[in-house]
Amino acid sequence: MTGTETTGRTPVATTGRKPTGTTGRTPTATTGRTPPRGRLLARTAVLALLALGAVLSLLPFAWMLIAATHSSSELFHSPPPFLPGGELLRNLVHLQQTIGFGRVLLNSLGIAVVHTLLSSLLSAMCGYGLAKYRFRGRGLLLGLVLATMMIPLQVLLVPLFQMMASLGWIDSYQAVILPFLANSFGILLMRQSFLDFPDELLESARIDGSGELRTFYQVVLPCVRPQLGALVIFTFMGQWNSFIWPLLMLNTQDKYTVPVALNTLTGLTHVDYSGLMLGSFLATLPLMVLFLVFQRQFVAGLLGGALKG
């Protein structure tokens, strides 16, 4: 018979198709994949760990906020308070009267913004030059930039202080902003970003008559926005939290930054813990806002180099 074998066994169609179960695929039970229930349990465990980590990371901020609503004496009760109190407004008024917190907050914000903009632009330009221009001594210059990362800040304090004193910049904002504009970390970060930028686009822009600065600002920079956003966050955080150098440079209380002003709350015989907690909590808010604004660029900038082959 043409379509069926008659060997006494169950007839098998001879249409050229493989019987069911012999498609060459491994059965579901032997694929090594996690069963749906196992995947659900694994995902639940991961989410639980992430939730626990988030709660633990938020505990210091929650304690700062709770401590800011109590007086300093109430913080040393046994047991300590775990619920908000009613001293928040009084502590805020006392903080403003003691150190002029609104003024020093604006000082820190202005210094950090100006420093971040100038330092990020300078780092991007230096990184672009080291990545895309060929000149004699480029490797030596790159080695010097790397070497500066091994020099601790404490070694530079005395010569930098003498330099600022010779320029007459003591107790001025430019003395806080200018000395650390050339950030070796930022230069290396931007150089690595520009190394992957195709040279063909640069040549096309130059053929079209675009100058070097226009090519840099309109063609190159928009393509490295994630790395630039990550650099902006790192630079702003570093300048916002800077303490030693502003402490040496600024002598007038009206020019203090937030870390320097909060340091004045710790005296020899008395420490205003409530004021410290309130000031520290308020000082973290600009950093949180900055991260929320640039979080997509920050994550993409950190992972961009790892995802490239």
Side-chain angles (χ1 to χ4, degrees), residues 110-153 155-156 159-160 163 174-242 245 287 290-309:
I111 291 174
V113 169
V114 174
H115 176 85
T116 300
L117 293 178
L118 295 178
S119 180
S120 300
L121 180 60
L122 183 61
S123 298
M125 296 177 70
C126 293
Y128 177 72
L130 290 174
K132 292 302 179 182
Y133 286 95
R134 302 293 184 267
F135 55 90
R136 182 176 298 179
R138 187 182 66 164
L140 177 61
L141 184 59
L142 179 60
L144 291 176
V145 174
L146 287 170
T148 58
M149 299 183 67
M150 298 183 291
I151 302 176
L153 174 63
V155 177
L156 302 175
L160 282 178
M163 184 183 300
Q174 61 265 29
V176 181
I177 296 174
L178 297 181
F180 300 100
L181 286 182
N183 186 357
S184 56
F185 170 78
I187 294 174
L188 294 176
L189 176 64
M190 298 310 299
R191 175 186 176 271
Q192 293 302 118
S193 303
F194 291 130
L195 284 177
D196 297 321
F197 191 85
D199 295 333
E200 292 77 8
L201 291 180
L202 299 178
E203 294 298 331
S204 299
R206 290 164 181 164
I207 292 174
D208 291 339
S210 177
E212 293 298 324
L213 288 178
R214 184 179 179 183
T215 301
F216 176 73
Y217 286 112
Q218 296 185 1
V219 178
V220 179
L221 276 187
C223 296
V224 293
R225 283 181 296 180
Q227 291 80 4
L228 192 61
L231 178 60
V232 165
I233 291 180
F234 278 119
T235 306
F236 186 90
M237 289 180 59
Q239 184 60 40
W240 183 266
N241 296 324
S242 179
W245 185 245
L287 299 180
L290 182 69
F291 180 77
L292 290 176
V293 172
F294 290 99
Q295 60 176 334
R296 182 175 300 177
Q297 289 82 0
F298 178 73
V299 175
L302 292 182
L303 297 180
L307 296 177
K308 294 176 182 177

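Source: prediction; values computed, not measured.
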Side chains of [X] and [Y], heavy atoms from C-beta outward: is any pair under 4.5 Å?
X	Y	answer
I177	Q239	no
L188	M149	yes
F185	T235	no
N241	L287	yes
F234	N183	no
V220	L202	yes
I111	W240	no
M190	M125	no

So does [Y] get a backbone contact from the side chain of [X], meaning a donor-acceptor N/O pair under 3.5 Å?
X	Y	value
R138	Y133	yes
S210	R206	no
S123	G186	no
S204	E200	yes

Could you give the distance from [atom1] ([X]) to [atom2] ([Y]), rounded to the nearest 0.5 Å?
X	Y	atom1	atom2	value
T215	L221	OG1	CG	11.0 Å
L140	L144	CG	CG	4.5 Å
E212	K132	CD	NZ	12.5 Å
R214	D208	CZ	CG	9.0 Å
M150	S184	CE	OG	10.0 Å
C223	Q218	SG	CD	12.0 Å

Would you say that more than 12 heavy atoms from the other residues, nucleotides or ligands in this model lie under 6.0 Å from the CE of M163, or not?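 No, because the 6.0 Å sphere around CE of M163 holds 12 heavy atoms or fewer from other groups.
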Give me the atom names and distance for the closest heavy-atom approach of [X] to [Y].
X	Y	value
P222	R225	O-NE, 3.1 Å
L181	S119	O-OG, 2.9 Å
G127	F194	C-CD1, 3.6 Å
T116	A112	OG1-O, 2.6 Å

Verdict with reasoning, W245 to L153, per side-chain contact (heavy atoms from CB on, under 4.5 Å): CA-CA 9 Å; W245 185 245; L153 174 63; 5.5 Å; no
From CA spacing to verdict: ring-ring contact (aromatic ring centres under 6.0 Å, His included), Y128, F197: CA-CA 10 Å; Y128 177 72; F197 191 85; 7.8 Å; no
Side chain to side chain contact (heavy atoms under 4.5 Å, CB included) with S193: which of V224, L228, L231?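 Result: among V224, L228, L231, V224 is the only option passing the side chain to side chain contact (heavy atoms under 4.5 Å, CB included) with S193.
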